[in-house]
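One structure below.
Proteins get letters first, then strands, A, B, ... in listed order; numbering begins at 1 in each.
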Amino acid sequence: MERRYDFKSIEPKWQNYWAQHNFFKVLEDPGRPKYYDLEMFPYPSGNLHMGHVRNYAIGDVVARFKSMNGYNVLHPMGWDAFGLPAENAAIKHGAHPARWTYANIENMKSQLKTLGISYDWDRELASCKPDYYKFTQWMFLKLHENGLAYKKSAAVNWCPSCQTVLANEQVVDGACERCETPVNKRQLAQWFFKITDYAQRLLDDLDKLPGWPDKVKIMQRNWIGRSEGGQFDLQIEGSSETMTVFTTRPDTVFGITYMVLAPEHPLVETISQGTPQEEKVKEFVQRMQFLSEAERTSTDAEKEGVFTGACALNPMNGDRIPIWIANYVLVDYGTGAIMAVPAHDQRDFEFARKYGLPVQVVIKSPDSPADGDSMQEAYEEDGVMVNSRDFNGLSVTLGKQQVVAYMEEKGIGEGTINFRLRDWLISRQRYWGCPIPMVYCEECGLIPVAEADLPVLLPEDVEFRPSGESPLNYVESFHKTECPSCGGRARRETDTMDTFVCSSWYFDRFCDPHNDTLPFSKEAVDYWMPVDQYIGGVEHAILHLMYSRFFTKFLYDQDFLSCDEPFTNLLTQGMVLKDGSKMSKSKGNVVSPEEIINTYGADTARLFILFASPPERDLEWSDQGVEGSYRFLNRVWRTVNSCAGDIRDISLPPQFGQLEGEARQLRYKTHATIKKVSDDIELRFNFNTAISAIMELNNMLTAYLDHDEQDLSVLKEAVETMIVLLSPFSPHICEELWQMCGHQDSVSLQSWPRWDAAALVQDEIEIAIQVSGKVRDRIMVPTGLSEDDLQDLALAQPKIQELLAGKQVVKTIVIPGKLVNIVAR
RNA sequence: GCGGAUGUGGUGGAACUGGCAGACACGCUGGAUUUAGGUUCCAGUGGGUAAUUCCGUGGGGGUUCGAGUCCCUUCAUCCGCACCA
């Protein structure tokens, strides 16, 4: 017998076997329940890292477990293949993004194959391939057709050094992710998706997702940021203009002592013109423009502003109110203008004190200050309305309703709901992305490309200049085109789409990946969607998951899908850490999966990563831990080796009779392990405890094999059960061991074992006896003893008698099967 | 500042509904096998104590016959959002 099992030959052997026999290829099968198991598809950076291994190992346990439980399992893999790194590589090393990307995919795919994950590779897709992005463009056209894709001028993140716009997620702490230059804002015409139309549904339907972690739902709720309030207009004194404000506190409208516009608000220039303040206002607005996003919006930046020289009239009482501009009001939230009530809003309060503006109390509770001048801070709690004319005496809640009702009646304003969620900016001035299928015609304006003309191909023969500007701008054969409508001269849109667009529907495409007329057939998605289990990192809690939900709802509304939520259950896996921090090149603490697989094999790598920590939690990498997992697999190897010959020809009895002693205990353990492993995988995703249960079974088997007399049926059942239970975690070694036990078929094709309730019946159990809550003795008792008998037995123990001498028993608590607690004084 | 999570042996972690804290591993100690190292196997391993036993789940308080688990309070670390009117 070999000292160590030979994973180097076993693993490729079974990987080839699975591939040759199309083990993981699936088709729709109405006769079996479906299960769609999906891990977030990776960006092809070139190399697999431990986070990937963890993600796919978790997914594979689920896929193999469900498959052995009779489900028709869809488990696909693909590539999120557009994106900035490919272009950076092109600029830096001169490699074409396409070549760079496809080479990376090749490399990562071969690494992935050495892990032995049960993917249906026939469904592989790459978002950068024309047969895929054709339909990303199709999605754009459908959204455009329905008024959900539009172009508008917007302030976007601009890196002055790279000479390009950046996505929000490419701005880290106010600086460019690539060169660390502070980012500023620039006004550019950009494409948006109108995700805000779906804000309410995206919020409400979170309640339809009990299979999602609360953490993620809370993050999405906050991101959507719904707030109820009112919106009303104020006449600007001496002008025909009005300004509109949004407030969540209509009840404090009589406490307004000044108004504030965001510096970028379009009214700022008009109303300050010709006033003595004009110059100061211009100066302030300019200064704000030069500030970076981070400096401008950080909470600890001091509030500052200037008077515009103009006043507005409070529609409730006709009061003249000065209009200011200030850094703390944001142009893109609400109406970009606020009513300031310093007595009841801390931000307004700080500003008012700094500039000597009045503070007027309009909400009063018994313990709140009545006088604005002596207030130390704003009073934001509940109370009743004062100094508010007819509304005096109303509570905050009632006041809100009645002030809004009054405004509606008088045509001053109305109740409104505001969302923090903004429309999704999808334009990127980048080459390596999905082209936006629109053209600009000199005659007809903005015209969508006809569906029949898709895909708009990304030209391959392009030049990369270090300026970072999109090469599409230089490629005449690309941008020079004809108008789809009038046939006249037109220019193609050279912006490409945010890669999040590509990843917002890839899970649908997996259902029907080779369809060349539609993104997917209705039949295919009706069978497979929604995804039953989605697995990936928390970093996508908001963006990717929200965008995918938005796309799904849109496709549902258009009747392309029958479900309106894409992911029924979501598992967010923790990070893989080394020495307490995230693995990174700069820290030099990266452990390469390739190396681990070479040294210990994929089965060990998978087992360790699943054993070291439950999936949601961060995982501390330990080289010694890996060694331990490897030792365990070797122990299993030896266990099976040493008895395979003895059990090979044994056939299991249809029923195990009354067993005694060790054999009985072993059979108990076998079935207890089936139950434990099944529950841990299915109910809790606690793979670490499932594996530890298998370890216990193997430990018991090792001991059992030392006995002279063995019940070979019980032994066979235990050994084979262990192999089957271990197979979703470490499939290759289990295939080999299964074969060693004399089986011709694959362990992957076995049904998941069922536990036999009869085997779990014990006739004796240990009971703890407590005196006043402290364990003082333990006794073995027959199961099924009555509570009274149990109590009598406990009291009769000599040790307990001794302890109770001279004391009075106050009370006895009996927990059958667990303990007896005797309370004595 | 707001929101969320996590604090258990030397380490990773277990304890699922309030019921024997530390399963399973790693590490360490001792022993066996081996010329030796490695491998493998056996035994021990929360802390204090000579010992009956006492103390122990970040700290403090509470509820309970009984608390890692429930309640209040406090500290530390990590993550997300951050002037959202």
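- The stretch residues 678-693 of chain A touches RNA chain B through A/Arg684, A/Asn688, A/Thr689, A/Ser692, each having a heavy atom under 4.0 angstrom from the strand.
- Atom NZ in A/Lys215 sits about 17 Å away from atom P in B/G3, given to the nearest Å.
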Report, one pair per line, the protein and nucleotides 25-27 of chain B atoms (nitrogen or oxygen only) whose separation is under 3.5 Å.
| residue | atom | partner | partner atom | Å |
| --- | --- | --- | --- | --- |
| B/A25 | OP1 | A/Asn699 | OD1 | 3.4 |
| B/A25 | OP1 | A/Asn699 | ND2 | 2.7 |
| B/C26 | OP1 | A/Arg631 | NE | 3.3 |
| B/C26 | OP1 | A/Arg631 | NH2 | 2.9 |
| B/G27 | OP2 | A/Arg631 | NH2 | 2.9 |

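- With sequence neighbours excluded, the residues that form a salt bridge (charged side-chain N to carboxylate O under 4.0 Å, His left out) with A/Glu304 are A/Arg287.
- A search for salt bridge (charged side-chain N to carboxylate O under 4.0 Å, His left out) contacts involving A/Arg631 returns nothing, not counting sequence neighbours.
- A/Lys811 contributes no side-chain N or O that forms a donor-acceptor pair with the base of B/C65 under 3.5 Å.
- Distance CH2 (A/Trp324) to P (B/C83): 21 Å, rounded to an integer number of Å.
- Using a 4.5 Å heavy-atom cutoff, the side chains of A/Leu705 and A/Ser642 are in contact.
- As a whole-Å value, the separation of A/Glu616 CD from B/G80 C1' is 17 Å.
- Partners of A/Arg549 by side chain to side chain donor-acceptor pair (under 3.5 Å), not counting sequence neighbours, listed by chain and number: A/Gln220, A/Glu565.
- When rounded to the nearest whole Å, the span between OH of A/Tyr333 and C1' of B/C83 equals 12 Å.
- With rounding to whole Å, A/Glu620 atom CD is found 12 Å from B/U11 atom P.
- Partners of A/Thr639 under the side chain to side chain donor-acceptor pair (under 3.5 Å) rule, at least two apart in sequence or in another chain, are A/Asn698.
- Here the two rings, on A/Phe351 and A/Tyr258, have centers that are under 6.0 Å apart.
- For the pair A/Asn634 CG and B/G38 C1', the interatomic distance rounds to 14 Å; values are reported in whole Å.
- Between B/G12 and A/Arg617, no contact under 4.0 Å exists linking OP1 or OP2 to a side-chain N or O.
- B/A5: Watson-Crick or G-U partner is B/U77, with both key distances under 3.5 Å.
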